[in-house]
Amino acid sequence: MINCTHDHLASATVVGMHWERITVLIDVRVEFAPGVSQNEPLQFYAVNGLYSAKALFQASRLEPNLYRLSLNLTNPGDLRCLPVGTYSIVMCRGEQILSTAVVEPEFTAKLEDCSRNFLYNGRKKVYTVTFLVREGEEDLPFIMYILAAKRTGMGFPTDGGGKKSGGFSLSAYKQKHSRPFLRRYYRSQRNKHRKGDKPVVLFLSEQSDVLGSNLTAVRDRMIARGLDQQFTIIESARMASSQHQSQKSWMGLIKKLASADVLFLDDHAPVLDWLKLDDDTKVVQLWHAGAGFKSSGYSRWGHIGCPSPASCHRQYTYGIAGSRHIAHFFSEVWGINTENVLPTGMPRIDEYLDETYRVNKTKELYAQFPLCQGKKVILFAPTYRGKNRATAYYPYELIDFEQLYDLCGDEYVVLFKMHPWVAQAVPIEDRFRDRFVDANTYPNINDLFYITDLLITDYSSNIFEYSLMKRPMLFFAFDKIQYSFSRGFHRDYEESAPGKVCYTFAELLTALQNKDFEYEKVEEYVAHHFDHIDSHASDRVIDWILLDQMPSDLREAIDNRNKQVESLPFLDFTVLEPIEETEDDNDDTAEDGESEGDTTT
């Protein structure tokens with residue numbers, strides 16, 4: 001790199017800043033010296049006190065002299081949190097170092113308000129991002145300080161022994177050493193594994209004792225295409241995320257993981273939070289969620305249940321999404337690069353869009369729910385409230401069943417389909433059963449969409465599939481403020497909801513009575529969320545990932561991003577005057593930790 005800062009070709013001044021969840025957005029005013037071209041692209045690097053570039057900001061030009069820099073602190077591109085250190089923003093044009101950013105004097109007082117603490121590991125650890133200016137200099141150099149810390153004891157130290165501390169426990173000893181043992185077992189089995197003529201494909205679920213819909217769709221399509229002759233297909237389905245597993249079960253799983261060349265999973269697999277697979281194992285996340293509003297994984301970092309800096313998600317080679325427009329929602333959740341989220345579409349929708357399946361299933365539904373025949377069907381299908389499966393519930397007291405019943409008249413029938421985690425039955429009185437139906441036991445909500453004329457939901461991702469029916473929706477978001485605080489949204493709720501948002505049940509009834517659905521939002525939603533509306537998503541997953549037939553533009557984007565990240569260590573910023581020297585700058589790794597229990601679902 002060539003130090004041109006003394007030539008005063010351009011200056012960079014931080015004039016604003018805000019956050020979008022885990023991404024910091026920094027507004028920088030750039031002023032050029034007379035005669036200096038303003039049309040050549042600029043690069044903005046996060047450079048630490050050892051003159052090493054650890055991240056390249058994504059830069060967009062808002063105005064001729066105003067740039068917005070964005071940086072995802074949980075993944076600046078190399079699939080890990082931005083390392084601990086003291087960073088400056090260095091503006092470059094190719095190999096020319098033009099300027100180191102300073103802070104506008106009027107904005108310095110707001111830097112402290114922009115700093116953030118992200119708690120994780122049961123709030124025992126914290127990743128801190130602090131913004132400040134370097135003291136003792138007139139031009140107010142901008143500093144971003146990253147610190148990872150553990151909970152600190154406030155009392156006198158003890159020896160930690162004796163009966164009061166629990167003493168020696170054989171069961172605790174086994175628990176403590178089980179993961180190291182399983183890691184060694186994985187290594188020994190992996191060393192025995194030899195790639196033969198038939199690569200091994202493992203379909204894995206740690207959330208259920210049966211494989212999920214995306215997994216079964218891809219597996220069944222592989223078999224239908226005769227690819228079970230080209231690949232060895234194995235499966236593993238356990239409820240390990242919520243139930244104790246035997247030593248035999250663990251040994252069996254580790255052996256399968258060691259034999260796998262390609263691993264397909266749907267949802268979070270806690271085993272991969274602490275077991276690092278070989279780099280030559282291709283890991284593909286086929287997450288079932290199409291695109292709702294709820295924050296998950298790293299998009300809710302700092303909230304209870306968020307992942308640690310090193311987690312299962314970091315091991316994904318690829319994920320999938322419905323379109324390129326929404327790929328960044330998924331990459332934020334998983335802490336991987338957006339280019340590696342492939343817009344294949346959801347494999348489970350292949351069956352959903354099959355016309356023969358739809359006709360047959362519609363006949364079955366009318367036979368099972370005869371009240372729906374000849375009526376308009378309202379499907380009431382919200383997500384759960386509560387922290388997890390054990391505490392999941394829905395506040396039925398907010399539903400005015402009597403007024404809803406009266407409004408239905410002879411026109412509507414209401415099917416209630418609650419989230420599978422809500423164990424309490426819908427409290428439908430006998431006098432309402434000629435218009436209300438509890439459909440909780442029906443296994444597949446997607447089937448119900450065939451006979452549904454209006455969907456009432458809240459923050460659920462079921463809007464993804466239902467939108468393809470091109471029918472209206474209403475959103476009953478009575479607790480939007482509380483929900484956004486506890487779970488968080490990864491995009492603006494009102495702008496993104498494909499239908500009218502109601503905050504009280506009275507508002508919901510009024511919208512229903514007036515047929516005020518804001519239907520135009522549905523068509524906008526479909527256009528934005530689906531690159532392909534067909535029954536070939538499973539084929540795209542197989543062709544692009546298993547058979548290595550990815551479209552050239554997608555492959556090129558992945559390669560370019562990888563080259564960009566790989567080039568950072570070779571950029572030499574030692575030509576700069578010292579930015580700042582601290583002991584922390586010698587720590588080039590984010591803190592490791594076991595995941596507390598991620599909530600991808």
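FYI, the numbering just counts along the sequence from 1.
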Heavy-atom pair with the smallest gap, counting every atom of Gly305 and Arg300: C-NH1, 4.2 Å
Salt bridge flag under 4.0 Å for residues Glu523 and Lys470: no
Rounded to the nearest 0.5 angstrom, the CD1-NZ distance for Ile234 and Lys255 is 10.5 Å
Result block: side-chain N/O donor-acceptor pairs under 3.5 angstrom for residues 361-373, not counting sequence neighbours:
from   : atom 1 : to     : atom 2 : distance (Å)
Lys361 : NZ     : Glu364 : OE1    : 3.0
Thr362 : OG1    : Arg358 : O      : 2.7

Validation row: Asn75, Glu332 side chains within 4.5 angstrom (heavy atoms): no
Okay, side chain of Ser460, backbone of Pro382: is any donor-acceptor separation there less than 3.5 Å? no
Below 30° counts as parallel, above 60° as perpendicular, anything between as tilted: where do the rings of Trp421 and His419 land? perpendicular
When the aromatic ring centroids of Tyr120 and Phe118 are compared, is their separation below 6.0 Å? no
Any donor-acceptor pair under 3.5 Å linking the side-chain atoms of Ser331 with those of Thr338? yes
Nearest heavy atoms of Asp453 and Pro472, plus distance in Å: O-CD, 3.4 Å
Under a 3.5 Å threshold, yes or no: a donor from one side chain and an acceptor from the other, between Asp273 and His313? no
Candidate pair Ile533 and Leu353, rule side chain to side chain contact (heavy atoms under 4.5 Å, CB included), full reasoning: CA-CA 8 Å; Ile533 302 178; Leu353 292 177; 4.2 Å; yes
Is the count of non-hydrogen atoms from other residues, nucleotides or ligands lying under 6.0 Å from Lys417 atom NZ greater than 12? yes
Can you name the one residue among Val541, Leu265, Thr344, Ile545 that meets side chain to side chain contact (heavy atoms under 4.5 Å, CB included) with Leu286? Val541
Could you work out, with side chain to side chain donor-acceptor pair (under 3.5 Å) as the rule, every residue matching Ser535, not counting sequence neighbours? none
Sequence neighbours excluded, which residues qualify as side chain to side chain donor-acceptor pair (under 3.5 Å) partners of Lys282? none
Charged N to carboxylate O under 4.0 angstrom, Lys521 versus Glu518? yes
Look at the side chain of Ser323 and the backbone N and O of His528, then say whether any donor-acceptor pair between them is shorter than 3.5 Å. yes
Does atom CG (Asn191) have a neighbourhood of more than 12 heavy atoms from anything else shown, all under 6.0 Å? yes
Side chains of His288 and Asp266: donor-acceptor distance under 3.5 Å anywhere? yes
Would a distance-only check, ignoring hydrogens and angles, find a side-chain to backbone donor-acceptor pair under 3.5 Å from Asn337 to Glu339? no
Under 3.5 Å, is there a donor-acceptor pair between the Gln58 and Ser70 side chains? no
Can you tell me if Gln207 uses its side chain to pair, donor with acceptor, with the backbone of Ala269 under 3.5 Å? no
Search all heavy atoms of Pro347 against all heavy atoms of Ala217 and return the closest pair with its distance. O-CB, 3.6 Å
Which pair of heavy atoms, one from Val333 and one from Ser299, lies closest together, and at what distance? CG2-OG, 3.9 Å
Can you find a pair of side-chain heavy atoms, one from Leu546 and one from Phe264, that are under 4.5 Å apart? yes
Return the set of residues passing side chain to side chain contact (heavy atoms under 4.5 Å, CB included) with Glu351 (not counting sequence neighbours), or none when no residue passes. Tyr357
Between the side chains of Tyr394 and Asp458, does any donor sit under 3.5 Å from an acceptor? no
To check you understand the geometry: which heavy-atom pair defines the closest contact between Cys408 and Val414, and what is its length? SG-CG2, 3.6 Å
Between Asp261 (side chain) and Val200 (backbone), is there a donor-acceptor pair under 3.5 Å? yes
Are Tyr466 and Thr457 side-chain neighbours, meaning at least one heavy-atom pair lies under 4.5 Å? no
So do the side chains of Leu554 and Pro343 get within less than 4.5 Å of each other, counting heavy atoms only? yes
Can you find a pair of side-chain heavy atoms, one from Tyr393 and one from Met418, that are under 4.5 Å apart? no
Judged by modelled atom types alone, do Asp447 and Tyr442 share a side-chain donor-acceptor pair under 3.5 Å? yes
Return the set of residues passing side chain to side chain contact (heavy atoms under 4.5 Å, CB included) with Glu411 (not counting sequence neighbours), or none when no residue passes. Lys376, Lys515
Apply side chain to side chain contact (heavy atoms under 4.5 Å, CB included) to the pair Arg225 and Asp543, showing each step before the final yes or no. CA-CA 11 Å; Arg225 290 176 56 173; Asp543 293 339; 2.8 Å; yes
Arg238 to Trp250, cation-pi by 6.0 Å centre distance and 45° axis angle: yes
What about Trp301 and Tyr127, are their ring centers closer than 6.0 Å? yes
Partners meeting salt bridge (charged side-chain N to carboxylate O under 4.0 Å, His left out) with Arg221 (sequence neighbours left out): Asp539
Report yes or no: does Arg385 contribute a side-chain atom to a donor-acceptor pair with the main-chain N or O of Thr383 at less than 3.5 Å? yes
Does Gln285 use its side chain to pair, donor to acceptor, with the backbone of Asp267 at less than 3.5 Å? yes
Presence of salt bridge, Glu235 and Arg219, under 4.0 angstrom: yes
Compute the ring centroids of Tyr459 and Phe475, then answer whether they are less than 6.0 Å apart. no
Under 4.5 Å between any side-chain heavy atoms of Leu512 and Leu454, yes or no? yes
Taking the six-membered ring for Trp, are Tyr450 and Tyr352 parallel (under 30°), tilted (30 to 60°) or perpendicular (over 60°)? parallel
Check whether any side-chain heavy atom of His529 lies under 4.5 Å from a side-chain heavy atom of His325, and answer yes or no. no
Are Lys198 and Asp228 ion-paired here, with the side-chain N under 4.0 Å from a carboxylate O? no
For the residue pair Arg471 and Phe517, would you count it as a cation-pi contact if the rule is NZ or CZ under 6.0 angstrom from the ring centre and within 45 degrees of the ring axis? no
Step by step, would you call Gln315 with Leu275 a side chain to side chain contact (heavy atoms under 4.5 Å, CB included)? CA-CA 10 Å; Gln315 303 200 53; Leu275 178 66; 5.7 Å; no
Least distance between heavy atoms, Ala321 atom then Met346 atom: CA-CE, 3.8 Å
Go through Phe478 and Phe476 one step at a time and tell me if the ring-ring contact (aromatic ring centres under 6.0 Å, His included) criterion holds. CA-CA 6 Å; Phe478 60 88; Phe476 182 34; 5.1 Å; yes
With side chain to side chain contact (heavy atoms under 4.5 Å, CB included) as the test, would you mind laying out the steps for Leu71 and Leu82 before giving the verdict? CA-CA 9 Å; Leu71 186 66; Leu82 186 67; 4.2 Å; yes
Does the Tyr186 side chain pair with the main chain of Phe181, one donor and one acceptor, at a distance under 3.5 Å? no
Do the side chain of Asn72 and the main chain of Pro76 share a donor and acceptor less than 3.5 angstrom apart? no
For Asp350 and Ser538, which I'm curious about, is there any donor-acceptor pair between the side chains at under 3.5 Å? yes
Quick check: do Ile463 and Tyr525 have side-chain heavy atoms less than 4.5 Å from each other? yes
